[in-house]
Structures are given as C-alpha cells and as structure tokens.
Amino acid sequence: MAGLDELMMHLLSLEHAGWRSLCNGTASAFYGELMTDDALTVLANGEVMTRDQVVQALDGAPSWSDYSIDAPRLVHVDPDVAALVYIGSGRRDGAVPFVGAMSSVYRHLDGRWRLALYQQTARP
C-alpha cells in the first residue's frame, strides 16, 4: 500500500504543479513537457484537443488567480498506467469560478509519469 500512497502523492504533486502553471502563466511550456505526444484533453464543453492544440491554446491564455484540488482518488490500472480523479476548482479574477470533476490518466514513460488523457466535467 505504501507504493500506492507514494504514487498518489507524486501524481497529486504533478496536478498541483499544473495548476500552479495555469496561475503563473507557464502552462503552455509545462503541459507541452508533461503530456505524451499522443495525449488528448476533453474539456467540459465537449471539445477534444490534441497536445499541440492544448499547448497553443495555453500560450498567452489568461491566468487563474487560485485553485483547489479536493477529494482525490487514485485508480491504479497497471504498473505503468494510473488515473487521478478529483474535484478541481479554479477562479480567474472577475469571473465565475469553474468547478469540475477532473480525471488525469498518466503513463509511465522513459522513467517518468506523463499525462496521456485529461478530462473535465463541469459541476454546478
């Protein structure tokens, strides 16, 4: 069980780093490095984006002012694949906060965990 706890903490640290990059304007570079070449993102509005589209969309996108990650859960698929599911909240200055159920599927490649699929479902 200690191995799964460590994995969860590691994947949570990657999620926090991603959210921090969305807050400080470095998300394009961060996700360009974190995502696998064939990664996909499924947004709450139903749009599906490739890694390259995500990197382009994040380049110059407005920053988030703050975020939270709540109720994280780990789904350990196999030694090289795991998913982190949680409730994520983010807010931009002057905008209504976004709250969604988030799923991040990671693959262990070349000695590190890389984001292969990210999905969000908006919550009221």
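In this chain, residues are counted from 1 in sequence order.
- H108 is not listed as a side-chain neighbour of V81, based on a closest heavy-atom distance of 4.5 Å or more.
- Within 6.0 Å of the CZ atom in R92, the count of heavy atoms belonging to other residues, nucleotides or ligands exceeds 12.
- Contact record, S65 with C23: C-SG, 4.3 Å, taken as the closest heavy-atom pair.
- Salt-bridge check for E33 with R112: passed, with a basic side-chain N closer than 4.0 Å to an acidic carboxylate O.
- Scanning all heavy atoms of the two residues, the minimum distance from R51 to G32 falls at NH2-O, 2.7 Å.
- Closest approach of R114 to L109, counting heavy atoms only: CG-CB, 4.2 Å.
- When the side chains of ILVMFWY residues are joined at heavy-atom separations under 4.5 Å, either directly or via intervening members, L84 and L22 end up in a single hydrophobic cluster.
- Looking only at atom types and distance, the side chain of E15 has no donor-acceptor partner in the side chain of Y118 under 3.5 Å away.
- Between R20 and Y67 the shortest side-chain heavy-atom distance falls below 4.5 Å.
- Remark: Q56 CD is loosely packed, at most 12 non-hydrogen atoms of other residues, nucleotides or ligands lying under 6.0 Å away.
- Put simply, the side chain of M49 reaches to within 4.5 Å of the side chain of E47, judged on heavy atoms.
- Cluster annotation: W19 is connected to L43 through the hydrophobic network of ILVMFWY side chains, with a link wherever side-chain heavy atoms come within less than 4.5 Å.
- The same ILVMFWY cluster, assembled from side-chain heavy atoms under 4.5 Å apart, contains both V75 and V42.
- Note that the CZ atom of F30 and the CG atom of N24 stand 10.0 Å from one another [nearest 0.5 Å].
- In this structure, L12 is not a member of the same hydrophobic cluster as V105, with clusters built from ILVMFWY side-chain heavy atoms closer than 4.5 Å.
- Interatomic distance, L117 CG to S104 OG, rounded to the nearest 0.5 Å: 8.5 Å.
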* To do: Test side chain to side chain donor-acceptor pair (under 3.5 Å) on Q119 and T121 and set out the steps.
  => CA-CA 7 Å; Q119 178 273 329; T121 302; 2.4 Å; yes
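- Residues A61 and A57 come closest through the heavy atom pair CB-O, 3.5 Å.
- Nearest heavy-atom pair across A122 and A44 is N-CB, 3.8 Å.
- We find the CG-CH2 distance between L11 and W113 to be 6.0 Å, quoted to the nearest 0.5 Å.
- In this structure, the separation between OG on S28 and CG on D59 is 4.5 Å, given to the nearest 0.5 Å.
- Hydrophobic cluster membership differs between L74 and V85, with clusters built from Ile, Leu, Val, Met, Phe, Trp and Tyr side chains linked at under 4.5 angstrom.
- You'll find the side chain of T50 reaches within 4.5 Å of the side chain of L40, heavy atoms only.
- Atom CD1 in I69 sits 4.5 Å away from atom OH in Y86 (nearest 0.5 Å).
- Between W64 and F98, the ring planes lie tilted relative to each other; the angle falls in the 30° to 60° range.
- For the 3.5 Å distance criterion, the side chains of D70 and S68 qualify, holding a donor opposite an acceptor.
- The OH atom of Y106 lies 8.5 Å from the NE2 atom of H10; values are rounded to the nearest 0.5 Å.
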* To do: Might you work through the side chain to side chain contact (heavy atoms under 4.5 Å, CB included) test for L115 and T36, ending with a clear yes or no?
  => CA-CA 6 Å; L115 185 61; T36 62; over 6 Å; no
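- Across all non-hydrogen atoms, the minimal contact from V48 to Q53 is O-OE1, 3.9 Å.
- Looking only at side-chain heavy atoms (C-beta outward), M35 and T41 come within less than 4.5 Å of each other.
- Here the side chains of M102 and I87 are not in contact, with every heavy-atom distance at 4.5 Å or above.
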